[in-house]
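Below is one structure, written out as structure tokens, with a few remarks after it.
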Amino acid sequence: MIYYRDGRTVLARQGIDRRKVELAKVPKHVRDAVIAAENRSFYEDAGVSLKGTGRAVWSTLTGQQLQGGSTITQQLVRNYYSGLSQERSVTRKFKEILIAMKVDQSRSKDWVLEQYLNTIYFGRGANGIQSAARAYFGKDVEELSVSEGAYLASVIQQPSRFAAPKGSDLAAAQERWRSVIDAMGQTGALRADEVASQVFPKLKAPKKPFELKGQAQYMLEQVTAELNRRGYSDEDVNSGGLRIVTTFDRKLMQAAERAVSDMLPDGTPKKVRTGLAAVDPATGEVVAFYGGKPSQSKYYDSAFSAKVMAGSTFKPYTLAAALDNGFDLSTRVDGNSPMHVASASQSIPNDGDRSYGQINLVSATQNSVNTAFVDLGQKVGLDKVAKTAEAAGIPAAQLDQHANAAAFPLGVASVSAVQNASGFSTFANKGVHMEAHVVKSVTDADGREAVVKPLATKVVGEQAAADTTYAMQQVVKYGTGTAARLYDRPVAGKTGTTDESKAVWFNGFTPQLAVAVNMFRDDNATVTIPGYGTQFGGQLPAQIWRAFMTEAMAGKPVEEFPEPSEYGWSPDYSEPDRGRGDLPDQEYTPPPDQDDWDVPEPDITGEPLPDEQPTEEPPQDDGRPDEQPRESSPPDTLVPDQPSIQQDGSATDDDRTGRRLTG
């Protein structure tokens, strides 16, 4: 049984229904019915039937269908001991005979019968006599009548056919039931008058199979995968009687699906995928996600499985690496465009090839200035950037192939929504990353509970995390992410728009919850929505993020982020550009035709979908969102200058003279 995080609401039922019961609780007439139907000499034989086994071996040797004739002990051995039930050969039959004889010599007949009754399959997804009693008659095994017990005994021979018999199957079931009643008379279990008085029982309507709907399919896949990683085999999951409590919040799962469905227009092309993931920073628990419509893709979801370029949502990892290695928020970097880096044969531009001059790290983050982050990556060291991102939960395998590229800080590595939300949760958790996970606890059939303890990794210091968060607050207040503002509480976040808008992101967090939203196409084409045009991270992704967080944070206490460092900080530290009436620049990620930047295709798979009909798009002024109001600029503020950068790239504190910063 798999539950939502409350431990009460059932998410899924996996495997088969098996409920163990002591032999003493099984009425004698039920035991007699099974013995009469399956093995009348059970209490006298040596655990094997030589005649029955001989028939089975002969039919196997001659190529005929394998026949029955096994005793109850042999049937138990086949089901109870692994490795026998899958083999259909003479060798298996001899193994079965030898083990059955050994069991008969070492165990009592009552022990054998109890194990048999608790393991045999009765159809309707029920293993064991107790589960069968509930499935067929809606009562416990102790309450079964003679007629009902005889029916369950008759089902053992053909459980699939007799599970819900109709027509000719019903006639066959009735005939088989009558033969069991007669056999009980022949063995002395029933008197002649009792045999004559038995009436075919009324069967309870079969319970509808447990159907997984919507996101539940994806939830079950992720739970099973994590259990496998934690050492639970598929056999453990399917037949171990486990009680699994997940991290998923049912209401937040519903809120995630609503946020996506409400914000995306009806004309959204089918090839456009949207993923959402929400992670608790303090625990690493994935409390909610939206993985897309299972009807569109059976093989991957958009939250866990699909990985697309991170774009500018990767820049905060670069910022955090710098702030944890001697730099600070007032550090100035080169924001001019284009930028020439010795390790890259092609120059790297800003959006619109706009130059910003020497700008501080807050302005660089707020306006998502590409060249500023390329410059910062060169100064702090790309190895440190990769180390920070990996410690924040992004697997090294997704980073290594890009880690030496000059454009690495711009997000050329591909990540999933869960990985990116988990990475940003590090900043909300004071620089400590809690391993993302979807299982809270596992209780086995004997009642032993194992609580999942996620791995905690210190990624950066508390102050570096606080300063990184402060810079991202300015993105939401004044920069490219204003559409994600929550008016009742502080928000930090970062937009991401890759080349030609092939993947667009908004990642953001409050102190209590980190959420990532991405949009991409499964054919790696530009994300374009009829009526909305080409998308940027600050448009629909940010609006979906806000819709989800508005519901998720409702009623939650308002918590403040930690204060940024005193050095180089003032309440009005960040200042949007003056003299510009348009919005902050959108991000730019190196195009895939630049070999030196080594940009991968999105790592997604799925079923081919029918091409959408082309839709005429409305004209756009400059490709930038027009729904994001630009706040008035804060007043100019005197702040200390950056530490000077030595030739070896290290930061020093030689020059701390105050000077006026702009941009």
Side-chain angles (χ1 to χ4, degrees), residues 5 226 246-249 252 276-289 303-304 310 313-325 329 365 384-395 415-440 451-476 481 484 486 489-494 505-517 545 548-549 552-553 556-565:
R5 66 183 294 112
E226 182 168 314
T246 72
T247 63
F248 302 125
D249 185 296
L252 292 184
L276 182 152
V279 175
D280 184 333
T283 64
E285 295 174 356
V286 182
V287 296
F289 71 92
F304 289 88
T313 62
F314 195 83
K315 289 174 181 175
Y317 302 119
T318 306
L319 175 61
L323 295 174
D324 204 48
N325 283 276
L329 291 175
T365 304
K384 293 184 177 65
V385 176
K387 182 179 178 181
T388 299
E390 182 181 353
I394 299 177
V415 298
S416 70
V418 170
Q419 289 170 347
N420 229 356
S422 178
F424 272 42
S425 73
T426 301
F427 308 125
N429 196 38
K430 301 179 180 180
V432 176
H433 177 259
M434 303 300 292
E435 176 191 10
H437 60 287
V438 300
V439 176
K440 283 173 67 73
V451 178
V452 172
K453 297 180 180 179
L455 178 66
T457 304
K458 183 177 181 181
V459 180
V460 295
E462 286 192 29
Q463 197 57 61
D467 289 352
T468 302
T469 298
Y470 176 77
M472 283 192 279
Q473 284 182 265
Q474 313 315 307
V475 173
V476 179
L486 299 177
R489 65 188 66 235
V491 170
K494 187 70 188 74
W505 291 82
F506 185 81
N507 283 17
F509 55 93
T510 64
Q512 301 105 310
L513 196 62
V515 179
V517 177
W545 187 95
F548 171 75
M549 287 294 278
M553 291 288 100
K556 298 290 191 299
V558 176
E559 295 185 14
E560 300 294 334
F561 289 118
E563 296 253 335
S565 55

>> Set out, in order, the CA-CA distance, both residues' side-chain angles and the distance that settles side-chain contact (heavy atoms from CB on, under 4.5 Å) for Thr468 and Tyr317, then state yes or no.
In response: CA-CA 9 Å; Thr468 302; Tyr317 302 119; over 6 Å; no
> Under the side-chain contact (heavy atoms from CB on, under 4.5 Å) criterion, do Thr246 and Lys440 qualify, and how do the steps go?
Replying inline: CA-CA 5 Å; Thr246 72; Lys440 283 173 67 73; over 6 Å; no
> Is there a side-chain contact (heavy atoms from CB on, under 4.5 Å) between Val287 and Val279 once you walk through the steps?
Replying inline: CA-CA 6 Å; Val287 296; Val279 175; over 6 Å; no
> Run the side-chain contact (heavy atoms from CB on, under 4.5 Å) check on Thr388 and Val459 step by step: do they pass?
Replying inline: CA-CA 6 Å; Thr388 299; Val459 180; 3.8 Å; yes
> Can you check ring pair (Phe, Tyr, Trp, His ring centres under 6.0 Å) on Phe548 and Phe289, steps first, answer last?
Replying inline: CA-CA 10 Å; Phe548 171 75; Phe289 71 92; over 10 Å; no
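Although no hydrogens or angles enter the test, the distance criterion places no donor-acceptor pair under 3.5 Å between the side chain of Trp545 and the main chain of Ala516. No donor-acceptor distance shorter than 3.5 angstrom exists from the side chain of Asp280 to the backbone of Val286, with no hydrogens or angles considered. Formation of a donor-acceptor pair under 3.5 Å by the Ser422 side chain with backbone atoms of Val418 is not found in this model. Formation of a donor-acceptor pair under 3.5 Å by the Asp324 side chain with backbone atoms of Gly461 is found in this model. For the pair Arg489 (side chain) and Lys556 (backbone), a donor-acceptor distance under 3.5 Å is present. Not one N or O on the side chain of Gln474 forms a donor-acceptor pair closer than 3.5 Å with the backbone of Ala471. Panel note: side chain Asn429, backbone Gly431; no donor-acceptor pair is recorded below 3.5 Å. Judged purely by atom type and a 3.5 angstrom limit, Gln512 uses its side chain to pair as donor or acceptor with the backbone of Pro557. At distances below 3.5 Å, at least one donor-acceptor pair connects side-chain atoms of Glu226 with backbone N or O atoms of Val439.
To the nearest 0.5 Å, atoms CD (Gln473) and OG1 (Thr365) are separated by 12.0 Å. For the atom pair Thr313 OG1 and Phe424 CZ, the distance stands at 5.5 Å (nearest 0.5 Å). Here Leu455 contributes atom CG and Thr457 contributes atom OG1; the two are 4.0 Å apart, rounded to the nearest 0.5 Å. In this structure, the separation between CG on Leu513 and CD on Glu559 is 11.0 Å, given to the nearest 0.5 Å. Atom-to-atom distance recorded for Leu323:CG and Gln463:CD is 9.5 Å, nearest 0.5 angstrom. Distance check, rounded to the nearest 0.5 Å: CG of Asn420 to NZ of Lys494 gives 11.5 Å.
Inter-residue side-chain proximity for Phe509 and Thr426 is flagged as unmet; no heavy-atom pair is nearer than 4.5 Å. In this structure, Pro490 and Glu560 have side chains that are in contact, with non-hydrogen atoms separated by less than 4.5 Å.
In terms of the salt bridge (charged side-chain N to carboxylate O under 4.0 Å, His left out) criterion, residue partners of Glu435 (sequence neighbours excluded) are, by chain and number, Arg230.
The minimum heavy-atom distance between Met434 and Ala282, with the atom names listed, is CG-O, 3.6 Å. The heavy-atom pair separating Ala421 from Asn507 by the smallest distance is N-ND2, 4.5 Å. Considering all non-hydrogen atoms of both residues, Ser565 and Asp467 come closest at N-OD1, 2.7 Å. In plain terms, the two heavy atoms of Met472 and Pro316 that are nearest each other are SD-CG, 3.6 Å. Taking all atoms of both residues into account, the shortest heavy-atom contact from Leu276 to Ala303 is O-CB, 3.6 Å. Looking at every heavy atom in both residues, Pro511 comes nearest to Pro281 through O-CG, 3.9 Å.
The pair Arg5-Glu285 meets the salt-bridge criterion, since a charged nitrogen lies less than 4.0 angstrom from a carboxylate oxygen.
Taking the six-membered ring where the residue is Trp, the centroids of Tyr470 and Phe427 are separated by 6.0 Å or more.
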